[in-house]
Amino acid sequence: MRFDVLTLFPELIRAFRTTGVLGRAVDQGRVEIGVHDLRSWAGNRWGQVDDEPYGGGAGMVIQAPPVLRAVRDLRGEGGGPGRLVMLTPRGRVFDQHLAEELAGAGRIILLCGRYEGFDERVNEILEPEEVSIGDFILGGGEVAAMVVMEAVARLVPGVVGDPRSVEEDSFTTGLLDHPAYTRPPEVEGHGIPEVLSSGHHERIRRWRLEEAVRLTVERRPDLIRRHWGLYTAEVRALVRRFGPDLARSCETREDGDGGG
Ligand code: SAM
């Protein structure tokens with residue numbers, strides 16, 4: 001999997017590239033992260049790539065020509081056209097489904113904005129996929145690009161040591177993850193659920209599933225509604241126990257779908 005990040009702050013991405021699970025994946029050659037300073041395509045000696053907005057108003061806008069040149073050069077270097085992603089608050093909201101979709105691409109080029117964002121002609125001409133990481137405004141697209149890279153890289157085989165960690169993550173299963181505990185057995189008077197030290201695998205599995213369903217019913221009923229069709233009979237029964245009204249509304253909707 002190769003990421004190419006086009007940015008005005010390459011040092012941010014360089015630090016990220018060498019750290020933690022991703023840093024190891026880069027060392028092992030499972031993931032490549034190319035970092036590209038947009039100023040290299042500025043077309044002037046000062047490396048300026050922004051200008052005032054037509055029509056006036058606050059802030060500067062990133063000019064289109066340097067971005068067009070950069071993307072064309074990166075694509076020309078080989079590695080396939082890949083998917084072109086622009087980080088922008090107006091984009092499709094990033095989630096685990098989009099991470100899974102992007103993980104199937106061999107290469108992703110990420111465009112990080114700054115200031116007031118990009119000249120609209122970048123979008124008109126290159127037609128990037130516009131991706132937001134949520135309904136808030138960051139100062140630049142670099143942190144958003146790191147979010148996308150980290151979530152996608154975790155799905156590349158071998159990046160996370162034990163594949164079960166990925167399979168059991170929140171959102172992959174359609175449930176929030178169950179709580180986890182580690183040593184010491186007591187912290188300021190708080191112990192651990194007795195079942196976890198019982199050594200009884202089936203009871204532990206059942207407790208974890210119950211906790212996952214309970215938490216999801218309480219905190220993210222929208223996830224339950226969205227994934228109801230994918231749940232096993234065991235999960236559905238637990239939803240009925242922790243959120244009877246929620247389960248009924250899912251069942252009613254399912255019956256309606258079946259009849260329609
Ligand atoms: N005026 C712009 C607006 O309201 O859409 C905000 C521009 S923001 C200050 C600068 C850059 O940060 C954007 O071009 C984008 O690359 C990035 N950015 C900010 N918030 C983001 C978000 N929620 N998701 C993805 N990228 C974001």
Side-chain angles (χ1 to χ4, degrees), residues 1-17 19 22 31 33-43 46-75 81-105 107-155 170-171 220 222-223:
M1 176 94 219
R2 179 174 175 89
F3 300 99
D4 284 287
V5 188
L6 195 59
T7 169
L8 287 168
F9 290 89
E11 60 278 14
L12 281 175
I13 309 290
R14 285 196 193 107
F16 172 73
R17 177 171 70 172
T19 311
L22 206 67
V31 171
I33 303 181
V35 185
H36 311 281
D37 187 344
L38 180 58
R39 292 184 203 284
S40 310
W41 285 273
W46 311 275
Q48 191 183 342
V49 292
D50 60 323
D51 210 332
E52 293 166 357
Y54 277 116
M60 302 293 271
V61 177
I62 298 179
Q63 296 170 297
V67 182
L68 302 184
R69 284 193 288 269
V71 170
R72 287 175 184 145
D73 280 354
L74 292 178
R75 284 179 164 163
R83 290 176 71 155
L84 182 63
V85 169
M86 175 189 282
L87 286 315
T88 163
R90 75 181 194 190
R92 170 176 169 189
V93 178
F94 187 67
D95 62 9
Q96 194 65 22
H97 290 292
L98 184 50
E100 283 163 14
E101 214 184 295
L102 291 174
R107 178 194 200 181
I108 305 173
I109 300 175
L110 297 140
L111 306 179
C112 303
R114 280 272 157 179
Y115 322 122
E116 290 307 309
F118 296 95
D119 183 315
E120 187 65 22
R121 286 163 297 181
V122 172
N123 305 66
E124 291 169 10
I125 296 167
L126 295 176
E127 299 183 346
E129 297 176 52
E130 298 182 14
V131 173
S132 162
I133 61 159
D135 292 344
F136 42 80
I137 304 295
L138 301 164
E142 290 75 16
V143 171
M146 292 188 236
V147 167
V148 170
M149 286 191 282
E150 188 151 310
V152 171
R154 282 178 63 80
L155 300 173
S170 299
F171 307 121
R220 296 293 306 275
D222 59 304
L223 287 181

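It should be emphasised that the depicted structure is a prediction, and the values quoted were computed from it without experimental measurement. First listed ligand is number 1; within each ligand, the first listed atom is number 1.
Contacts of Thr88 with ligand 1, taken as heavy-atom pairs under 4.0 Å, involve the backbone alone.
For Thr88 and Glu130, the side-chain atoms include no donor-acceptor pair closer than 3.5 Å.
Using modelled atom types, no side-chain atom of Arg121 and backbone atom of Ala64 make a donor-acceptor pair closer than 3.5 Å. Checking side-chain atoms of Arg39 against main-chain N and O of Gly47 turns up a donor-acceptor pair under 3.5 Å.
In terms of protein heavy-atom proximity, atom 23 (N) of ligand 1 is nearest to Phe136 O, 2.8 Å. The closest protein non-hydrogen atom to atom 27 (C) of ligand 1 is Pro89 CD, 3.9 Å. Looking only at protein heavy atoms, the nearest one to atom 20 (N) of ligand 1 is Leu138 N, 3.0 Å. Atom 15 (C) of ligand 1 has Leu87 O, 3.1 Å as its closest protein atom, hydrogens excluded (heavy atom only). Nearest protein heavy-atom contact of atom 4 (O) of ligand 1 is Ile137 CD1, 3.9 Å.
Atoms of ligand 1 lying under 4.0 Å from any heavy atom of Tyr115, numbered from 1 in the order shown and given with element: 7 (C), 8 (S), 9 (C), 10 (C). Set against the non-hydrogen atoms of Ala144, the atoms of ligand 1 under 4.0 Å away are 25 (C), 26 (N).
Heavy atoms of Val131 come nearer than 4.0 angstrom to ligand 1 in at least one pair.
By the 4.5 Å heavy-atom criterion applied to side chains, Met1 and Ile108 are counted as neighbours. Between Leu155 and Leu102 there is no side-chain heavy-atom pair separated by less than 4.5 Å.
Counting non-hydrogen atoms of other residues, nucleotides and ligands closer than 6.0 Å to CD of Glu52 gives a total of 12 or fewer.
If you check each of Gly141, Ala58, Gly117 against atom 14 (O) of ligand 1, the one with the closest non-hydrogen atom is Gly117. The nearest non-hydrogen atom to atom 24 (N) of ligand 1, considering only Ile133, Thr7, Leu111, Val85, comes from Ile133. Remark: among candidates Arg90, Glu130, Glu116, the nearest residue to atom 2 (C) of ligand 1 is Glu116, based on non-hydrogen atoms.
If you take CD1 on Ile33 and CZ on Arg2, they are separated by 9.5 Å, rounding to the nearest 0.5 Å.
The one candidate from Thr7, Val67, Asp50 that meets the side-chain contact (heavy atoms from CB on, under 4.5 Å) condition with Leu38 is Val67.
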